[in-house]
Amino acid sequence: MVVIGNKRNKKARNRLPQKKRRQWNVREKLMVVHYLENNGGNKRGTAKEFDIQPKQVRDWNNNKGKLLAAAPHVAKLHLGKSAKYLSLENDLFTWVSERRTNQNSVSQKLIIKKAITLSKDQDFLANNSNITEFKFLRKWLDSFLRRYDLCECRRITVAQQLPPDLLEKQNVFLSYVLYRRIQHDYLLQYIGNMDEIPLWFDLPSNITIDHKGTKTVSIRITRYEHSSFTVVLAYMADGKKLPAVCIFKLKNVPRENFPHGIYIRANEKGWMNENEMLW
């Protein structure tokens with residue numbers, strides 16, 4: 001009797017495992033070149049030691065001078081295709097640098113809008129008439145940020161730390177609510193969760209485009225970001241959401257056309273008292 005093995009399993013056994021591709025930065029490439037020089041220039045042995053192809057070792061060794069001149073974190077020596085409209089991007093980069101010098105926020109949409117405005121300049125159109133067909137898409141924006149070493153940065157703030165016993169307090173409060181409901185047989189429509197939050201009249205952006213590696217990120221403000229009003233949101237346990245309540249720091253309710261379904265209240269100190277809590 002002849003036993004024939006599973007052909008599918010046999011093919012799976014004979015298949016070579018695929019190597020996981022990864023990027024090597026300049027520091028790691030120089031490490032490989034240094035290992036190559038200290039081992040008699042054996043490219044195949046060096047490639048086997050670091051689990052890479054001999055061609056990679058050969059290319060890195062030939063480009064040793066460029067690797068020494070590049071930044072250690074760089075993964076590619078060739079940054080890709082050069083800019084099609086270099087003068088426009090230089091003017092755009094100058095504009096971004098001036099705004100950041102004045103601590104003004106710069107968003108991605110603002111950069112695209114400014115690029116479109118620069119492309120419509122008559123002096124620029126005289127030498128680049130075909131730019132009218134160019135589309136400033138997200139792909140172009142990513143290339144522009146990479147070419148000029150820019151990235152999105154968030155304004156530095158001091159974050160509020162949560163208490164270490166937060167979960168314990170949550171469980172204690174939840175147990176207390178459940179006990180009271182069993183004790184007094186409260187209906188779900190009479191159990192609610194309410195929170196008040198301040199909203200500012202001016203909300204400056206916390207994200208801007210700036211140079212990579214910037215230690216301090218500052219954004220100019222209008223000084224009206226401290227003028228605020230209070231918004232109260234409430235949700236009942238049966239799933240009903242109550243209308244929002246806005247409390248202004250005024251003596252009387254302002255005579256304005258407010259959106260439908262929102263309650264407007266006024267308090268001299270902007271506080272939330274019993275009168276403001278009535279729905």
Side-chain angles (χ1 to χ4, degrees), residues 18-33 50 52-53 55-157 203-220:
Q18 296 182 355
K19 294 183 179 180
K20 293 183 179 180
R21 300 186 62 181
R22 53 157 293 188
Q23 283 189 334
W24 296 70
N25 56 31
V26 170
R27 183 184 293 107
E28 294 172 333
K29 292 177 182 178
L30 289 175
M31 176 189 65
V32 175
V33 173
F50 293 95
I52 56 179
Q53 298 296 326
K55 184 179 182 302
Q56 293 177 273
V57 180
R58 183 168 58 254
D59 293 341
W60 297 348
N61 187 39
N62 295 335
N63 296 325
K64 180 180 178 181
K66 296 181 180 180
L67 293 174
L68 292 173
H73 65 275
V74 174
K76 293 182 179 180
L77 293 178
H78 189 267
L79 298 180
K81 189 178 180 180
S82 60
K84 188 174 183 179
Y85 303 103
L86 184 60
S87 60
L88 183 143
E89 293 194 1
N90 289 335
D91 295 341
L92 185 60
F93 175 71
T94 303
W95 174 80
V96 172
S97 301
E98 290 177 354
R99 286 189 61 89
R100 291 305 304 135
T101 302
N102 296 328
Q103 298 183 1
N104 293 324
S105 175
V106 181
S107 64
Q108 295 186 2
K109 292 184 179 179
L110 199 60
I111 290 179
I112 295 178
K113 186 176 180 180
K114 182 62 177 180
I116 295 175
T117 303
L118 293 175
S119 65
K120 295 180 181 180
D121 185 76
Q122 296 300 327
D123 296 336
F124 186 79
L125 285 173
N127 300 323
N128 303 275
S129 59
N130 58 343
I131 197 174
T132 56
E133 301 177 358
F134 187 79
K135 296 182 179 180
F136 295 93
L137 302 177
R138 179 60 184 268
K139 184 178 180 180
W140 165 84
L141 178 61
D142 294 339
S143 301
F144 169 76
L145 297 178
R146 184 180 66 252
R147 279 192 289 267
Y148 290 89
D149 202 26
L150 300 173
C151 66
E152 277 192 340
C153 301
R154 185 175 295 275
R155 186 176 62 175
I156 300 174
T157 56
L203 294 174
S205 176
N206 289 330
I207 299 177
T208 182
I209 301 297
D210 210 335
H211 296 277
K212 291 183 179 179
T214 303
K215 300 298 182 181
T216 303
V217 180
S218 302
I219 297 178
R220 185 179 295 276

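Note that these values count all heavy atoms, side chains included, but never hydrogens, waters or copies made by symmetry.
- Atom CG of L125 sits about 11.0 Å away from atom CG of L118, to the nearest 0.5 Å.
- For N61, the side-chain hydrogen bond (donor to acceptor under 3.5 Å, both in side chains) criterion is met by no residue, not counting sequence neighbours.
- In this structure, the separation between OH on Y85 and CD1 on I131 is 5.0 Å, given to the nearest 0.5 Å.
- Within the structure, salt bridge (Lys or Arg N to Asp or Glu O under 4.0 Å) contacts touching residues 116-139 (residues at least two apart or in different chains) are R138-D142.
- Taking each heavy atom of V26 and A70 in turn, the nearest pair found is CG2-CB, 4.0 Å.
- In this structure, CD1 in I116 is found 6.5 Å from CZ in F136, a value given to the nearest 0.5 Å.
- Rounding to the nearest 0.5 Å places NZ of K212 at 8.5 Å from CG of L150.
- Looking at every heavy atom in both residues, I209 comes nearest to S107 through CG1-C, 4.3 Å.
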Could you go through the side chain to side chain contact (heavy atoms under 4.5 Å, CB included) check for F134 and N128 one step at a time? CA-CA 11 Å; F134 187 79; N128 303 275; over 6 Å; no
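- Within the 3.5 Å criterion, the main-chain N or O of W60 finds no donor-acceptor partner in the side chain of K66.
- Within a 6.0 Å sphere centred on NZ of K113, heavy atoms belonging to other residues, nucleotides or ligands number 12 at most.
- Interatomic distance, Q108 CD to L141 CG, rounded to the nearest 0.5 Å: 5.0 Å.
- Between F50 and E28, every side-chain heavy-atom pair lies at or beyond the 4.5 Å cut-off.
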Run the side-chain donor-acceptor check on residues 88-99: report pairs under 3.5 Å with partners two or more places apart or on a different chain.
unit_1	atom_1	unit_2	atom_2	d
E89	OE1	R147	NE	3.2
E89	OE1	R147	NH2	3.3
E89	OE2	W140	NE1	3.0
E89	OE2	R147	NH2	2.7
N90	OD1	Y148	OH	2.6
N90	ND2	L86	O	3.3
T94	OG1	N90	O	2.9
S97	OG	F93	O	2.9
R99	NH2	S105	O	3.0

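- In this structure, the separation between CG on N63 and CZ on R58 is 12.0 Å, given to the nearest 0.5 Å.
- The two residues R100 and S218 make their nearest non-hydrogen contact at NH2-O, 2.7 Å.
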